[in-house]
Amino acid sequence: MNKSVSKTCGILTSGGDAPGLNAAIRAVARTAMNVYGMKVIGFEHGYRGLIENRSRVLKPTEFSSILTLGGTILGTSREKPFKDKNWCEENNATCAVNSIKETYHKLGLDSLVILGGNGTNTTASLLVNEGLNIISLPKTIDNDIVETDITFGFHTALSVATEAIDRLHSTASSHNRVMVIEVMGHKAGWLALYSGVAGGGDVILVPEIPYDINSISRHLKQRGKDGKSFSIVVVAEGARSIEEAGMDKKKFKKLRAQMSGSIGYRIAHEIQKAAELDARVTVLGYVQRGGTPVAYDRILATEFGTAATNMVAQGDFGKMVAMQGNHIVGVPLEKVANRIKTVPLDHEMVKSARDVGTCLGD
Ligand code: F6P
């Protein structure tokens with residue numbers, strides 16, 4: 001066995017599930033057990049399992065045949081342990097953060113590997129400040145985590161969304177219709193942009209580029225004049241109109257809460273009104289998060305998981321593993337916390353989309 005500063009390592013998955021989580025769990029656990037002889041303790045349902053000490057010592061047999069399994073064998077949640085910290089301190093109450101530290105020490109943990117997205121990594125950064133030895137892995141289908149070129153889960157969701165767009169071409173062309181497909185991505189439009197380019201979307205709407213329905217209408221009508229009998233419109237769930245982008249957050253949220261149906265239905269309705277074209281909607285939703293990971297995500301999750309465990313063994317804590325260029329590096333968690341990677345307006349993929357004639361709503 002190789003030397004390791006850590007003897008007992010905890011692991012949890014937090015936030016939205018994503019394809020590749022089980023591949024990452026397998027990589028962390030096998031490296032910890034087989035290379036370093038560590039004991040690995042799994043926590044159920046994200047940070048909630050740490051707060052409530054819902055844990056179990058993981059057995060080597062648990063990692064056979066999970067490389068290709070979607071979801072997470074540990075379960076997950078969107079628990080935010082620091083949400084009541086101030087109240088607890090003011091009221092001298094045992095808060096979630098104290099419970100986490102109690103669990104950590106009671107189980108004799110000397111390291112914790114956390115798999116999650118932006119919210120999870122922000123919490124992980126705060127737990128580092130509370131003295132816990134943490135390494136995190138960047139997981140999300142949104143690919144919206146800073147300091148890493150790519151997150152595991154994104155390529156599988158991209159593949160699912162692209163296949164759906166491919167399928168919509170045949171029905172759209174059969175009925176001479178506009179097909180609107182809504183994909184995930186609340187604050188960042190990476191999934192919509194990449195699946196739109198991969199699937200040949202004629203219009204791609206992302207949160208970063210507020211849309212003008214008149215611009216969309218002109219583009220779709222011009223396609224008709226050019227003899228194109230159908231169009232595909234790819235919309236990120238967080239896409240906004242120019243008017244909405246100018247609103248304060250509260251007013252925007254209120255307006256959206258009053259809307260019947262998600263943004264895809266709103267766009268279809270506006271297209272029917274402005275362009276007088278027949279439009280139908282597909283909301284891809286959680287299909288993008290389910291199922292077996294594509295090969296790329298299995299490889300990325302395995303690389304991240306083994307690298308994370310090697311960093312644990314070396315005591316290189318307080319970091320998120322990241323892909324930068326073609327290299328896996330460790331990035332200080334304080335550089336990741338409270339940040340989100342949105343699509344830069346001058347990103348090469350934005351330019352490529354425009355160069356092939358895609359309308360981005362502006
Ligand atoms: O963060 C990943 C994600 O799938 C987003 O794309 C989506 O907006 C959100 O999670 C949905 O959250 P929940 O799974 O809590 O409904």
Side-chain angles (χ1 to χ4, degrees), residues 9-18 20-21 24 28 43 45-51 72 76-89 95-101 103-104 109 111-154 184-190 207-208 238 249 300-301 304-305 307-309 311-312 314-324 327-344:
C9 178
I11 183 168
L12 65 86
T13 56
S14 166
D17 72 308
L21 272 171
V28 170
F43 292 92
H45 300 297
Y47 288 118
R48 196 178 313 138
L50 205 47
I51 295 166
T72 159
T76 184
S77 70
R78 290 191 182 275
E79 189 67 41
K80 297 202 175 346
F82 286 83
K83 65 180 181 296
D84 301 328
K85 188 164 188 296
N86 297 337
W87 182 89
C88 292
E89 280 169 355
C95 65
V97 177
N98 289 339
S99 304
I100 287 177
K101 290 195 276 188
T103 301
Y104 184 92
L109 295 184
S111 62
L112 184 59
V113 175
I114 293 172
L115 289 65
N118 284 311
T120 302
N121 278 299
T122 298
T123 298
S125 178
L126 293 170
L127 288 173
V128 169
N129 299 341
E130 298 284 337
L132 273 58
N133 292 332
I134 289 176
I135 294 286
S136 79
L137 280 72
K139 165 278 310 171
T140 175
I141 67 165
D142 294 341
N143 192 30
D144 61 356
I145 299 179
V146 296
E147 304 290 340
T148 184
D149 299 342
I150 191 78
T151 59
F152 68 84
F154 175 68
M184 283 188 156
H186 248 313
K187 299 198 179 78
W190 296 102
E208 296 87 345
K249 222 168 160 186
L300 185 62
F304 277 159
T309 313
M311 287 164 69
V312 163
Q314 292 146 26
D316 189 11
F317 297 118
K319 294 183 178 171
M320 176 187 82
V321 292
M323 179 68 82
Q324 292 183 355
H327 301 287
I328 292 199
V329 297
V331 174
L333 271 163
E334 70 258 14
K335 283 182 75 176
V336 178
N338 299 306
R339 293 175 64 196
I340 183 168
K341 185 180 72 180
T342 52
V343 178

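- Using a 4.5 Å heavy-atom threshold, the side chains of E130 and I100 count as separate.
- Evaluation of the salt bridge (Lys or Arg N to Asp or Glu O under 4.0 Å) rule for K319 yields D316 as partners, not counting sequence neighbours.
- How far OG1 of T309 is from CD1 of I11: 7.0 Å, rounded to the nearest 0.5 Å.
- A distance-only check finds a donor-acceptor pair linking the side chain of T151 to the backbone of T140 [under 3.5 Å].
- By the side-chain contact (heavy atoms from CB on, under 4.5 Å) test, S125 pairs with L333, E334, A337, sequence neighbours left out.
- To the nearest 0.5 angstrom, K139 atom NZ is 9.0 Å from N121 atom CG.
- When atom types are taken as modelled, the side chain of S77 and the backbone of H45 share a donor-acceptor pair closer than 3.5 angstrom.
- Residues passing the side-chain contact (heavy atoms from CB on, under 4.5 Å) test with A308, sequence neighbours excluded: I135, L137, V321.
- When each of N133, V113, L109 is paired with C9, the side-chain contact (heavy atoms from CB on, under 4.5 Å) condition holds for V113 and for no other.
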Under the side-chain hydrogen bond (donor to acceptor under 3.5 Å, both in side chains) rule, what do D17 and T76 come out as? Steps first, then yes or no, please. CA-CA 7 Å; D17 72 308; T76 184; over 6 Å; no
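- Looking only at side-chain heavy atoms (C-beta outward), L115 and F152 come within less than 4.5 Å of each other.
- Checked against salt bridge (Lys or Arg N to Asp or Glu O under 4.0 Å), D84 has no partners two or more places apart in sequence or in another chain.
- Not counting sequence neighbours, the partners of N118 by the side chain to side chain donor-acceptor pair (under 3.5 Å) test are D144.
- When every heavy atom of P81 is checked against every heavy atom of T123, the shortest pair comes out as CD-CG2, 3.7 Å.
- With contacts defined as side-chain heavy-atom distances shorter than 4.5 Å, the pair T120/S136 does not qualify.
- Smallest separation of non-hydrogen atoms from P207 and H186: CG-O, 3.5 Å.
- Partners of K85 according to the side chain to side chain donor-acceptor pair (under 3.5 Å) rule, which considers only residues two or more places apart in sequence or in another chain, are E89.
- In plain terms, the two heavy atoms of A18 and I141 that are nearest each other are CB-CG2, 4.0 Å.
- The nearest pair of heavy atoms linking T342 to W190 is O-CZ2, 3.4 Å.
- The main-chain N or O of N338 is found under 3.5 Å from a side-chain atom of T122 such that the two form a donor-acceptor pair.
- Scanning for side chain to side chain donor-acceptor pair (under 3.5 Å) contacts around K335 gives an empty result, with sequence neighbours left out.
- Looking at heavy atoms from C-beta onward, L127 lies in side-chain contact with Y47 at the 4.5 angstrom threshold.
- Applying the side chain to side chain donor-acceptor pair (under 3.5 Å) test to R78 and every residue at least two apart in sequence or in another chain returns nothing.
- Residues passing the side-chain contact (heavy atoms from CB on, under 4.5 Å) test with T103, sequence neighbours excluded: F43, L50, N53, L107.
- Between the side chain of E79 and the main chain of G46, no donor-acceptor pair closer than 3.5 Å is present.
- Not counting sequence neighbours, K80 has no partner by the salt bridge (Lys or Arg N to Asp or Glu O under 4.0 Å) test.
- For the ring pair (Phe, Tyr, Trp, His ring centres under 6.0 Å) test, residues two or more places apart in sequence or in another chain that qualify with F154 are Y194.
- Residues F317 and L112 fail the side-chain proximity criterion, which asks for heavy atoms closer than 4.5 Å.
- Every side-chain contact (heavy atoms from CB on, under 4.5 Å) that V146 has, sequence neighbours left out, goes to V336, R339, K341.
- P138 approaches T148 most closely through the heavy-atom pair CB-CG2, 4.1 Å.
- The closest donor-acceptor contact from the side chain of E147 to the backbone of V331 lies at 3.5 Å or more, if one exists at all.
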